Amino acid sequence: MQSIVNQIKTAAALALNHLYPEAKVTDEDILVNETKPEFKGDYTVVLFPFVKSLRQNPAVLGKALGDQLLASNPVFTAHETVAGFLNLTLADALLANFLNATYADQSYGTQASNGNKVMIEYSSPNTNKPLHFGHLRNNFLGWSVAQILKTNGSEVIKANLVNDRGIHICKSMIAWMRYGNGATPESTGIKGDHLVGDYYVKFNDVYKEEVAGLVATGKELAQAEKEAPIMLEAQDLLRRWEAGDAEIYQLWETMNGWVYKGFDVTYKRLGLDFDKMYYESNTYLLGKEIVEEGLQQGVLFRKDNGSVWIDLTADGLDEKLLLRADGTSVYMTQDLGTAKLKYKDYGMDSSVYVIGDEQNYHMQVLKLILQKLGEPCADGIYHLSYGMVELPSGRMKSREGTVVDADDMIDEMIRLAKEQTEQANKTEGFTEEELERLYRIIGIGALKFYLLRVEPRKKMIFDPKESIELAGFTATFIQYTHARIKSILRRSEIAYGPMVLGKDELAPLEKSLLLQLEQYPGIIDQAAREFNPSALCNYAFRLAQTYNSFFDKHQVLKAENEEKKQLRLMICALTAITIRNAMALLGIEVPERM
RNA sequence: GGUCCGGUAGCUCAGCUGGAUAGAGCAUCAGCCUUCUAAGCUGAGGGUCAUUGGUUCGAAUCCAAUCCGGAUCACCA
């Protein structure tokens with residue numbers, strides 16, 4: 001069904017062309033806004049663009065257009081022109097029709113397939129340490145955007161490219177070999193990803209000591225950093241791994257296995273999942289043949305020492321290395337190969353990379369190179385760039401131990417949910433299991449909402465000391481609103497169903513709710529186009545705000561008459577569905593009671 | 001230095017395809033629970049939309065310059 005705003009655009013364009021055949025306006029030429037609360041009306045057509053072209057004064061044009069709209073279209077019941085703005089009042093019947101059609105639609109907002117296939121790569125962790133708070137932003141964003149696109153009609157593949165090889169893993173490995181004494185997650189009771197992370201920290205501690213020791217013997221710092229024995233040993237491990245050394249390969253598999261088990265626990269707690277896993281150990285050698293082709297095409301060039309480059313200076317960028325002089329590949333090379341592999345696997349129309357803004361340049365170059373190479377996957381590449389999550393003290397650095405651990409954060413949020421629920425005396429009538437579930441829903445919901453409510457590209461500062469609020473612009477507020485509605489719906493005994501509304505029967509808050517509810521599919525579409533879950537955070541919050549005002553002002557179960565009761569119950573039902581569905585797109589559950 | 005991103009209320013953020021007197025939340029202050037859940041509602045105070053210039057009937061929004069903050073520009077990943 002066409003949205004109300006689009007109906008207005010169509011009607012206004014038609015009316016203008018009827019009144020002024022020379023106007024030749026299209027739907028897209030009509031600017032429709034919500035009418036400001038201080039004026040009478042629901043939606044406003046901005047007249048200024050036509051004042052000039054049609055050489056009419058705003059008042060005359062507004063009156064003519066308004067009269068024509070009212071005469072030709074029963075969805076409008078009144079109009080008023082104020083200073084170039086044509087304020088239109090919608091018929092209650094229009095909104096009643098909308099309500100009748102949707103109030104029982106549990107999947108309200110879900111669009112039919114649009115034939116578009118898109119891959120979202122997100123999470124993509126390193127396997128040498130547990131997830132931290134900053135990673136959560138990536139994970140929540142990726143999952144949510146995938147869900148939004150899916151609901152908006154796209155076929156979506158959620159992919160995870162695991163960075164399971166490289167020097168960083170070898171650092172954990174060498175520290176474990178030196179100091180682990182055979183420790184395992186089972187023997188220590190430590191979650192696998194944390195155990196491996198502990199040895200990564202250990203590596204850095206030892207490395208610092210060794211460097212300091214060398215400096216004390218008179219070495220230059222830079223030299224000492226290169227010669228520290230533990231670093232040399234880690235580099236040796238990497239070489240042995242690449243050479244296929246069985247012993248090393250087995251340890252690598254074992255420790256990665258610990259990490260995956262740990263990650264799985266965290267992913268599961270957070271409700272995150274993937275359709276396709278890629279591992280860099282399988283992809284890091286890809287891309288070399290693309291380089292060969294690029295050389296033949298003349299897109300790439302070889303320097304005297306044998307290294308291969310692309311010249312992007314004409315595009316305002318630099319020269320970029322693609323193969324080292326010794327023929328080995330760099331990060332970019334393997335990303336070129338992986339992009340091609342993904343496209344071969346799925347042939348998707350677009351490929352979204354959820355990656356921090358520190359890699360803006362890298363992603364720009366990646367896309368540009370693929371375009372220059374004429375790869376069909378190139379144009380569909382989109383970098384969903386997001387800002388870093390920082391602490392008041394600055395960036396989180398895992399090597400310096402200033403990270404906020406993801407698992408700790410989850411525990412803390414759930415603990416906080418429990419504390420606040422108990423403090424508010426809201427635990428009555430729940431079983432222990434129900435309470436555990438409720439605390440999880442509230443705690444994790446708060447965490448997700450907090451990280452999704454800000455536009456992705458903005459960096460955000462998180463102050464753990466202040467902790468996260470459960471009031472105001474939060475998931476908790478929205479969840480609470482849902483629980484309030486459900487409480488009413490549980491008590492309603494009558495069967496309610498389609499109804500007819502006469503003129504001017506809707507109270508202002510009833511009408512506002514219906515207008516907002518009607519906008520929901522448009523919000524999903526916007527969020528999908530912008531890859532921006534925060535649009536849904538804002539929408540769900542505004543809807544809950546309006547509902548709470550409505551709840552305060554109007555009785556539902558004890559409404560003035562049966563008609564009103566039925567109407568309000570239907571509005572309640574659709575509001576609950578819309579809140580639940582909108583929050584589901586963010587990966588946030590809503591409770592029946594809280 | 002080149003490129004990119006950000007700068008809106010004390011704090012955290014919406015608003016940015018140009019439209020009416022720039023909005024929320026938190027914090028502060030004042031009200032509202034014998035009535036469907038007060039994790040709520042109502043109201044008040046709080047602004048040079050970084051600065052300057054330009055385009056326009058109209059600029060927080062577009063353009064240019066400047067200032068501030070951040071990212072990035074490795075034969076690292």
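Only heavy atoms go into these numbers, but all of them, side chains included; no hydrogens, no water, no symmetry mates. Note that the coordinates shown come from a computational prediction; the quantities given were computed from them, not determined experimentally. Order of the sequence lines fixes the chain letters, A, B, ..., with proteins taken first and strands second; residue numbering starts at 1 for each chain.
Put simply, CG on Leu161(A) is 15 Å from P on A77(B), counting in whole angstrom units. Remark: C1' of A71(B) and OH of Tyr386(A) are 13 Å apart, rounded to the nearest angstrom. Between Lys367(A) atom NZ and C4(B) atom P there is a gap of 16 Å when expressed in whole angstrom units. Across the protein-nucleic acid pair, Arg457(A) atom CZ and G7(B) atom P stand 8 Å apart, rounded to whole Å. One can place CG of Leu61(A) at 14 Å from C1' of C57(B), the figure rounded to the nearest angstrom. Rounded to a whole Å, the CG atom of Asp552(A) is 18 Å from the P atom of G31(B). For the pair Tyr439(A) OH and A39(B) P, the interatomic distance rounds to 15 Å; values are reported in whole Å. In this structure, CG of Asn128(A) is placed 14 Å from C1' of C76(B), rounded to the nearest angstrom.
Under a 4.0 Å N-O distance rule, the pair Glu422(A)/Lys418(A) qualifies as a salt bridge. Under 4.0 Å is where a charged nitrogen must lie from a carboxylate oxygen, and between Glu560(A) and Arg568(A) at least one such pair does.
For the OP1/OP2 pair of A20(B) and a distance below 4.0 Å, the side-chain nitrogens and oxygens of Lys36(A) include at least one atom meeting the criterion. Taking only side-chain nitrogens and oxygens, Arg484(A) never comes nearer than 4.0 Å to OP1 or OP2 of C36(B). Taking 4.0 angstrom as the limit, Lys52(A) places a side-chain polar atom (N or O) nearer than this to OP1 or OP2 of C57(B). Using a 4.0 Å cut-off, some side-chain N or O of Lys458(A) falls inside it from OP1 or OP2 of A14(B). Note on Ser549(A): a side-chain N or O is less than 4.0 Å away from OP1 or OP2 of U42(B). For the pair Tyr480(A) and A39(B), the criterion of a side-chain N or O lying under 4.0 Å from OP1 or OP2 is met. Within the 4.0 Å cut-off from OP1 or OP2 of A39(B), not a single side-chain nitrogen or oxygen of Arg593(A) is found.
Residue-level contact check: Met460(A) touches the backbone only, with heavy atoms under 4.0 Å from sugar-phosphate atoms and none from bases. Within 4.0 Å of Glu455(A), counting heavy atoms only, lie sugar-phosphate atoms of the nucleic acid but no base atom. Using a 4.0 Å heavy-atom criterion, one finds that His482(A) contacts no nucleic acid atom at all. As judged by a 4.0 angstrom heavy-atom cut-off over every strand, Thr44(A) is placed among the base-contacting residues. Residue contacts shown for Asp326(A) are absent, as no nucleic acid heavy atom lies under 4.0 Å away. Looking at heavy-atom distances under 4.0 Å, Gln555(A) makes contact with a base. Val556(A) comes within 4.0 angstrom of a nucleotide base, judged by non-hydrogen atoms across all strands. Residue contacts for Lys553(A): at a heavy-atom cut-off of 4.0 Å it reaches no nucleic acid atom on any strand shown. Thr481(A) comes within 4.0 angstrom of no nucleic acid atom, judged by non-hydrogen atoms across all strands. Asn425(A) comes within 4.0 angstrom of no nucleic acid atom, judged by non-hydrogen atoms across all strands. No engagement by Ala83(A) is indicated, since no non-hydrogen atom pair under 4.0 Å with the nucleic acid exists. Within the 4.0 angstrom heavy-atom criterion, base atoms lie near Phe85(A).
Side-chain proximity of Tyr361(A) to A20(B), C73(B), A71(B): nearest is C73(B). Taking the side chain of Phe477(A) as heavy atoms from C-beta on, and the options A38(B), C41(B), C4(B), the nearest nucleotide is C41(B). Closest approach to the Val454(A) side chain among G70(B), A14(B), C76(B) is made by A14(B) (side chain taken as heavy atoms from C-beta onward). Here the nucleotide nearest the side chain of Tyr331(A), chosen from U37(B), C4(B), A77(B), is A77(B). For Gln420(A), counting side-chain heavy atoms from C-beta on, the closest listed nucleotide (A39(B), A20(B), C73(B)) is A39(B). Each of A39(B), C36(B), G19(B) was ranked by its minimum atom distance to the side chain of Ile442(A); first place goes to A39(B).
Both stacking criteria are satisfied for Phe39(A) over the base of A20(B): a centre-to-centre distance under 5.5 angstrom and an angle between ring planes under 30 degrees.
Rounding to the nearest 0.5 angstrom, the gap separating the OH atom in Tyr450(A) from the CZ atom in Arg137(A) is 10.0 Å.
Side-chain atoms of Asn160(A) never come within 3.5 Å of backbone atoms of Ser123(A) as a donor-acceptor pair (strictly under, hydrogens ignored).
Using a 4.0 Å cutoff on non-hydrogen atoms, the parts of residues 539-548 of chain A near RNA chain B are Phe541(A), Gln545(A), Asn548(A), ordered by number.
With the nearest nucleotide of RNA chain B identified for both Leu31(A) and Glu280(A), Leu31(A) has the one nearer the 5' end. The 5' end of RNA chain B is approached more closely, in terms of each residue's nearest nucleotide, by Tyr450(A) than by the other of Tyr450(A) and Gln359(A).
Under the 90° criterion around 0 for the glycosidic angle, C49(B) counts as anti.
Consecutive pairing runs in RNA chain B reach the stem threshold at B:1-7 with B:67-73, B:10-13 with B:23-26, B:28-32 with B:40-44, B:50-54 with B:62-66, where a stem means at least three Watson-Crick or G-U wobble pairs with distances under 3.5 Å.
Between the side chain of Thr474(A) and the base of A39(B), no donor-acceptor pair of N or O atoms lies under 3.5 Å.
The shortest distance between side-chain heavy atoms of Ser144(A) and Leu586(A) falls below 4.5 Å. At a threshold of 4.5 Å between non-hydrogen side-chain atoms, the residues Arg453(A) and Phe541(A) do not count as touching.
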